[in-house]
Amino acid sequence: MTGRAMFNGARAAIAATILLPMPMACAAPGAEVPEPVAVEQTSAADRYIPIDGARVRVREEGPAGAPVIVLLHGFTMSLESWNGWAEALASDYRVVRYDLLGHGMTGPDPLSRYSAEERVEILRELLDRLHIDRATFGGNSFGGLVAWRFAARYPDRVDRLILVDSGAYSIYGVTDEPAPVPPAMRAYLTQLPEPAFQASLANIFADLSRISDSRKAEIREMMAQPGNAEAFIAHLEEFVLPDPEPDLARIEAPTLVLWGEEDALIPLEQAGWIEAAIPNARRITYPGVGHAPQEEIPAQTAADVRQFLRETSQ
């Protein structure tokens with residue numbers, strides 16, 4: 001069976017569960033597994049916060065006393081996904097971002113806390129450790145799902161909410177039961193063959209020319225960190241998308257929904273559903289942009305965020 005045929009057979013079963021760039025090919029049988037990649041470039045702003053055996057990589061930028069913005073990246077990505085926003089916003093805001101458990105330099109969680117509910121509680125614990133009582137929260141893709149679930153559960157801690165091509169509603173028929181993780185996807189995540197990786201990038205970004213070669217390499221390096229592949233698979237094995245509307249309706253914070261009109265992973269129509277379900281939400285969409293607008297057009301999206309923050313400041 002060809003890599004494309006294997007992918008097509010797996011797509012419907014898994015696309016809904018991962019909010020992940022789907023590879024258009026998978027590793028050939030017996031393909032060599034790459035050695036773990038050592039990421040040499042880290043920021044002086046990075047530190048590691050211990051939470052019940054996990055070491056969560058956190059990066060903080062901006063004035064210590066400024067209003068706080070907490071940013072959550074998508075599945076298989078890392079805090080570097082928000083570089084453009086951090087650069088644009090850190091002059092006036094305390095920008096806090098971190099690698100989710102099982103991602104980036106945080107690496108796998110010894111307690112395997114990979115469900116959305118568990119990640120909400122990890123976020124709460126992290127905020128407590130950082131002495132952050134309230135903040136604006138932004139999230140892309142799976143990070144958006146964690147952000148809005150946090151806002152529904154802990155409304156007193158949320159000033160505003162920014163959802164960027166966020167997970168919420170069921171896709172491909174997956175609801176409150178996880179879908180099986182096909183062998184093709186397991187092979188992709190553990191082996192990261194270059195052709196499949198490049199194809200997966202094309203599913204995230206509508207215009208790959210907007211993404212530098214160094215950024216593409218960085219994404220792959222972060223995915224290949226020791227233990228992350230196994231953590232990704234463990235995440236997929238328990239990922240569900242139950243009806244979000246009861247929780248979305250409980251969100252009290254002013255909410256900005258940003259969406260790339262060429263998103264190949266989550267249908268554009270879901271941006272409207274999220275906007276309608278959250279009581280105080282507004283929506284902006286971007287023609288010619290894919291699943292991660294904060295990376296494809298960071299200046300434009302950050303400017304829209306600034307305007308939203310100004311208009312909703314208390």
Side-chain angles (χ1 to χ4, degrees), residues 16-20 49-58 68-79 81-82 96-104 106-170 174-178 231-232 234-257 266 274 277-279 281:
T17 70
I18 59 179
L19 310 185
L20 165 73
I49 305 295
I51 299 179
D52 296 329
R55 295 176 67 252
V56 180
R57 181 175 67 137
V58 179
V68 180
I69 301 177
V70 179
L71 300 174
L72 292 81
H73 63 77
F75 184 60
T76 77
M77 304 297 272
S78 66
L79 61 79
S81 184
W82 300 104
V96 178
R97 43 195 171 131
Y98 68 101
D99 289 341
L100 297 174
L101 295 179
H103 292 71
T106 288
D109 177 26
L111 301 180
S112 297
R113 290 164 292 182
Y114 299 131
S115 72
E117 293 75 14
E118 289 169 320
R119 293 184 187 277
V120 166
E121 293 308 311
I122 292 294
L123 174 55
R124 178 194 55 77
E125 179 67 23
L126 180 62
L127 296 174
D128 290 346
R129 300 289 181 92
L130 297 173
H131 306 291
I132 297 172
D133 294 326
R134 289 180 63 89
T136 293
F137 293 83
N140 173 229
S141 191
F142 178 71
L145 187 151
V146 176
W148 68 253
R149 286 193 177 279
F150 183 90
R153 186 174 300 177
Y154 297 108
D156 292 343
R157 304 194 71 164
V158 181
D159 285 327
R160 286 156 295 198
L161 185 62
I162 304 164
L163 302 178
V164 186
D165 293 69
S166 174
Y169 287 87
S170 173
V174 174
T175 56
D176 50 6
E177 292 293 333
F232 296 155
H235 166 102
L236 299 182
E237 289 174 335
E238 59 179 305
F239 188 79
V240 294
L241 287 170
D243 178 13
E245 292 201 346
D247 286 328
L248 291 174
R250 283 195 287 269
I251 294 172
E252 300 174 3
T255 300
L256 177 64
V257 179
I266 306 180
I274 293 172
I278 297 175

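Computed over heavy atoms, backbone and side chain alike; hydrogens, waters and symmetry mates excluded.
To the nearest 0.5 Å, the span separating CG on Leu145 from CD1 on Ile266 amounts to 8.5 Å. Taken to the nearest 0.5 Å, the OG1 atom of Thr76 stands 9.5 Å off from the NE2 atom of His235. Interatomic distance, Leu71 CG to Ile162 CD1, rounded to the nearest 0.5 Å: 7.5 Å. Note that the CG atom of Asn140 and the OG atom of Ser81 stand 5.5 Å from one another [nearest 0.5 Å]. For the atom pair CD1 of Ile122 and CG of Leu127, the computed distance is 11.5 Å after rounding to the nearest 0.5 Å.
Closest of all the heavy-atom pairs between Ile274 and Ala168 is CD1-CB, 3.9 Å.
The salt bridge (Lys or Arg N to Asp or Glu O under 4.0 Å) check on Asp128 picks up Arg124, Arg157, with sequence neighbours excluded. Legend: residues meeting side chain to side chain donor-acceptor pair (under 3.5 Å) with Thr136, ordered by chain and number and at least two apart, are Arg160. Residues that satisfy the ring pair (Phe, Tyr, Trp, His ring centres under 6.0 Å) test with Tyr98, not counting sequence neighbours, are absent from this structure. By the side chain to side chain contact (heavy atoms under 4.5 Å, CB included) test, Ile49 is found to be paired with Arg47, Ile51, Val58, Leu126, Arg129, Leu130, residues two or more places apart in sequence or in another chain being considered. Shown here are the side chain to side chain donor-acceptor pair (under 3.5 Å) partners of Arg97, two or more places apart in sequence or in another chain: Glu61, Asn83. Residues satisfying the side chain to side chain contact (heavy atoms under 4.5 Å, CB included) test with Asp52, not counting sequence neighbours, are Leu111, Arg113. Annotation: side chain to side chain contact (heavy atoms under 4.5 Å, CB included) contacts of Ala135 (sequence neighbours excluded): Val68, Val70, Ile132, Phe137. Checked against side chain to side chain contact (heavy atoms under 4.5 Å, CB included), Arg153 has the following partners two or more places apart in sequence or in another chain: Glu117, Val120, Glu121. Remark: Glu238 pairs with no residue by the salt bridge (Lys or Arg N to Asp or Glu O under 4.0 Å) rule, at least two apart or across chains. Scanning for side chain to side chain donor-acceptor pair (under 3.5 Å) contacts around Arg55 gives an empty result, with sequence neighbours left out. Partners of Thr255 under the side chain to side chain donor-acceptor pair (under 3.5 Å) rule, at least two apart in sequence or in another chain, do not exist in this structure.
Remark: the backbone N or O of Gly139 is not paired with any side-chain donor or acceptor of Trp148 at under 3.5 angstrom. Thr106 places no side-chain N or O within 3.5 Å of a backbone atom of Leu101 that could act as its donor or acceptor partner. Not one N or O on the side chain of His73 forms a donor-acceptor pair closer than 3.5 Å with the backbone of Trp82.
Put simply, the side chain of Glu245 reaches to within 4.5 Å of the side chain of Tyr169, judged on heavy atoms. Residues Ser141 and Asp165 are not in side-chain contact: their nearest non-hydrogen atoms beyond the backbone lie 4.5 Å or more apart.
For residues 108-134, there are no ring pair (Phe, Tyr, Trp, His ring centres under 6.0 Å) pairs, not counting sequence neighbours.
Side-chain rings of Phe239 and Phe142 approach one another, their centers coming within less than 6.0 Å.
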